[in-house]
Amino acid sequence: MYNVAVVGATGAVGQKMIDVLTEYEFPISELRLYASARSAGKTVEVNGQSIVIRELTDAIYADPIDIALFSAGGSISEQYAPRLSEQGVIVIDNSSAFRMQEGIPLIVPEVNRVELSPERTLIANPNCSTIQSVVALAPLAEVYGLTRVAYTSYQAVSGSGQKGIDDLERGARGEEPTNYPYPIYDNVLPHIDVFLENGYTKEEQKMMDETRKILNAPNLGVTATCVRVPVRNSHAVSITVSLERDATVAEVKAVLADAPGVVLMDNPSELTYPTPLDANGTDEVYVGRIRRDDSQPNTFHLWCVADNVRKGAAANAVQIAQCMISQTATK
C-alpha cells in the first residue's frame, strides 16, 4: 500500500485523478490532497471518507508520501517536484515543465513504458493531444516505420480547465468570453497557448517535440495545427502519416485493431466513426476514418478521439504510477 498525494486536487485534472485512483482501486494507504491556501480546509469525499485539503507549502517535504501526482501548473511543479523526487518520492507531473528535459521520461504506458525505471522518480505526463496521437501512431511506427506526421487537432474547451467550460457556457447565454480572446461558442479558434516566433503556437510545438521524444524518433518530420472547438470535452485529432514501408488500408486497420489502448471504429458504410461523445468518460483512444492519401506515397489519414481529461491527463498519470509500482513489486 502507498501514501499518495494529489497536488492541485481541486482543479479539473486533479479531481479526475482522485476519481481514477478510486476506479482503478489503486493500493492507497493514505490519500493526501494539496491545493492553494484558497482551497485549504475544504473537504473532499473519497470512497466514503472525508479528506481535508491541505495548503501546499514546504511542509510537504516532511509528509510521508510515496507517490505524488502533480497537476497544479508548471511553476508549482518546478518549485516542489524536483526536491520530492530527490527524496525518493515517485513524482508524475502533468505540466510541461519537465517534458523535454533530457533524462526525464515522457511516458505513455501503451507506447514507451520500457523507459521507466525505479531510479528515475521524476516522470513527465505528456500533452493531452500528444498522448492520444502517439497511442495510435506507435503501433504503425513499430510495424512500418514513420517518415512524416501532420496533425490537425480539434480540442475541447475542458482543455483550458473550468475557465474554458465557463466561456462556452457564457457564450451560449450571449455573454462575452473572459478566458479566450474571441467567443468560442458557435466558433473555432486556431489558437491554443501563446504564439511563438516561428509562427506556431506553443501547443503545436509541444505536439511536434513530444511526438519525437515519445517515439524516440528525433528526425521524424512532424507538423501541427491546433484548434479550439466549441465542444465541452474530448479532443479529436486528424492525423496524416507517411510510412517507410507500404501498407494497405486493411493492414493498417488490422495493426490498430490489435494495438493496446486503441478501439477501432471504422465502418463508413454503417456511418461508424468515433466522436467526442464516444470517448467521454473512457480511457481508450478511438480511431477511424482510415484511408489512403492518393496524392502522397505510403501515406494514410486517420481520425482519433480521446477524453482529454482522463486519458489525456489524469488516467495516463495513474497508469504511469501503476507501472512504477509494478516495477517495484517485481524487484
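Heavy-atom basis, side chains included; hydrogens, waters and symmetry copies ignored.
Under the 4.5 Å side-chain heavy-atom criterion for Ile, Leu, Val, Met, Phe, Trp and Tyr, Ile239 and Val252 are members of the same hydrophobic cluster. Follow the hydrophobic side-chain contacts under 4.5 Å out from Leu196 and you never reach Met208; the two are in separate clusters. The hydrophobic cluster containing Ile65 also contains Leu56, counting ILVMFWY residues as joined when their side-chain heavy atoms lie under 4.5 angstrom apart, directly or transitively. By the criterion of side-chain heavy atoms lying less than 4.5 angstrom apart, applied directly or through intervening Ile, Leu, Val, Met, Phe, Trp or Tyr residues, Val134 is grouped together with Leu220 in one hydrophobic cluster. The same ILVMFWY cluster, assembled from side-chain heavy atoms under 4.5 Å apart, contains both Leu31 and Ile92.
Looking only at side-chain heavy atoms (C-beta outward), Pro64 and Arg32 come within less than 4.5 Å of each other. For the pair Pro268/Tyr273, no side-chain contact is recorded, criterion being any heavy-atom separation below 4.5 Å from C-beta on. The shortest distance between side-chain heavy atoms of Ser77 and Phe98 falls below 4.5 Å. When side chains are defined from C-beta on, Arg292 counts as touching Asp294, because their heavy atoms get closer than 4.5 Å. Annotation: side chain of Glu204 is in contact with side chain of Thr225 (closest heavy-atom distance under 4.5 Å). At least one side-chain heavy atom of Val222 sits under 4.5 Å from a side-chain heavy atom of Tyr151. The shortest side-chain heavy-atom distance between Glu110 and Gln319 falls under the 4.5 Å cut-off. Here the side chains of Gln132 and Lys311 are not in contact, with every heavy-atom distance at 4.5 Å or above.
Checking side-chain atoms of Asn316 against main-chain N and O of Gly312 turns up no donor-acceptor pair under 3.5 Å. Arg228 places no side-chain N or O within 3.5 Å of a backbone atom of Val188 that could act as its donor or acceptor partner. Of the possible polar contacts, one joining the Lys213 side chain to the Gln101 backbone as a donor-acceptor pair under 3.5 Å is found. A distance-only check finds a donor-acceptor pair linking the side chain of Asn187 to the backbone of Pro183 [under 3.5 Å]. Within the 3.5 Å criterion, the main-chain N or O of Asn298 finds no donor-acceptor partner in the side chain of Asp246. In this structure, Asp266 contributes its side chain and Arg289 its backbone to a donor-acceptor pair below 3.5 Å. At distances below 3.5 Å, at least one donor-acceptor pair connects side-chain atoms of Arg120 with backbone N or O atoms of Glu115. Listed for the Asp167 side chain is a donor-acceptor partner under 3.5 Å among the backbone atoms of Thr178. Remark: side-chain polar atoms of His301 are not paired, donor with acceptor, to backbone N or O of Thr240 under 3.5 angstrom. In terms of modelled atom types and a separation under 3.5 Å, the side chain of Glu78 and the main chain of Ala97 share no donor-acceptor contact.
Annotation for Glu142: atom CD does not count as buried by contact number, only 12 or fewer foreign heavy atoms lying within 6.0 Å. Atom CD of Glu45 has more than 12 neighbouring heavy atoms from other residues, nucleotides or ligands inside a 6.0 Å radius. Summarising the local packing, CZ of Arg170 is surrounded by more than 12 heavy atoms from other residues, nucleotides or ligands at distances under 6.0 Å. Within 6.0 Å of NZ in Lys202 there are 12 or fewer heavy atoms belonging to other residues, nucleotides or ligands. The number of heavy atoms from other shown groups lying within 6.0 Å of CD (Glu244) is above 12.
To the nearest 0.5 Å, the span separating OG on Ser71 from CG on Asn94 amounts to 4.5 Å. Considering CG of Leu243 and CG of Leu146, their distance stands at 6.5 Å, rounded to 0.5 Å. To the nearest 0.5 Å, atom OG of residue Ser96 and atom NZ of residue Lys206 are 4.5 Å apart. Between the CD1 atom of Ile325 and the CZ atom of Phe26 there is a distance of 4.0 Å, given to the nearest 0.5 Å.
Contact between Cys323 and Leu116 at its shortest, heavy atoms only, is CB-CD1, 3.5 Å. The shortest non-hydrogen separation linking Pro190 to Phe195 is O-CZ, 4.2 Å. Closest of all the heavy-atom pairs between Tyr154 and Ser238 is CE1-CB, 4.1 Å. Of all heavy-atom pairs spanning Ala136 and Leu256, the tightest one is O-CD2, 3.2 Å. Asn308 and Cys128 get closest at one heavy-atom pair: O-CB, 4.0 Å. Closest approach of Ala313 to Val309, counting heavy atoms only: CB-O, 3.5 Å.
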So Thr130 and Leu106, side chain to side chain contact (heavy atoms under 4.5 Å, CB included) or not? Walk me through it.
CA-CA 11 Å; Thr130 306; Leu106 182 64; over 6 Å; no

Between Asn127 and Glu203, is a side chain to side chain donor-acceptor pair (under 3.5 Å) present by the stated rule, with each step listed?
CA-CA 8 Å; Asn127 171 272; Glu203 183 81 357; 2.9 Å; yes

Check the pair Leu69 / Leu21 against side chain to side chain contact (heavy atoms under 4.5 Å, CB included), numbers first and verdict last.
CA-CA 11 Å; Leu69 308 179; Leu21 286 166; 4.1 Å; yes

Set out, in order, the CA-CA distance, both residues' side-chain angles and the distance that settles side chain to side chain contact (heavy atoms under 4.5 Å, CB included) for Glu169 and Glu175, then state yes or no.
CA-CA 9 Å; Glu169 295 176 346; Glu175 300 172 10; over 6 Å; no

Checking Arg310 against Glu284 for the side chain to side chain contact (heavy atoms under 4.5 Å, CB included) test, could you report, in this order, the C-alpha distance in whole Å, the side-chain angles of both residues, the deciding distance, and whether it holds?
CA-CA 9 Å; Arg310 287 188 64 100; Glu284 288 75 36; over 6 Å; no

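Judged by distance alone, the side chains of Asp293 and Thr299 never bring a donor and an acceptor atom under 3.5 Å apart. A donor and an acceptor atom, one from each side chain of Thr10 and Arg38, are nowhere located under 3.5 Å apart. For Asp19 and Thr22, the side-chain atoms include no donor-acceptor pair closer than 3.5 Å. There is a side-chain donor-acceptor pair under 3.5 Å between Thr121 and Ser85. Defined by atom type and a distance below 3.5 Å, a donor-acceptor pair is missing between the side-chain atoms of Thr201 and Asp193. Side chains of Tyr200 and Thr223: a donor on one and an acceptor on the other come within 3.5 Å. Looking only at atom types and distance, the side chain of Ser242 has no donor-acceptor partner in the side chain of Gln296 under 3.5 Å away. Of the N and O atoms on the side chains of Asn198 and Gln205, at least one donor lies less than 3.5 Å from an acceptor on the other residue.
Salt-bridge annotation for Arg245 and Glu251: absent, with no side-chain N of the basic residue lying under 4.0 Å from a carboxylate O of the acidic one. For Lys163 and Asp166, the salt-bridge test fails: no basic side-chain N is under 4.0 Å from an acidic carboxylate O.
Ile184 belongs to a hydrophobic cluster whose remaining members, ordered by chain and number, are Val157, Ile165, Leu168, Tyr180, Tyr182, Tyr185, Leu189; membership requires side-chain heavy atoms of ILVMFWY residues under 4.5 Å apart, directly or through intermediates.
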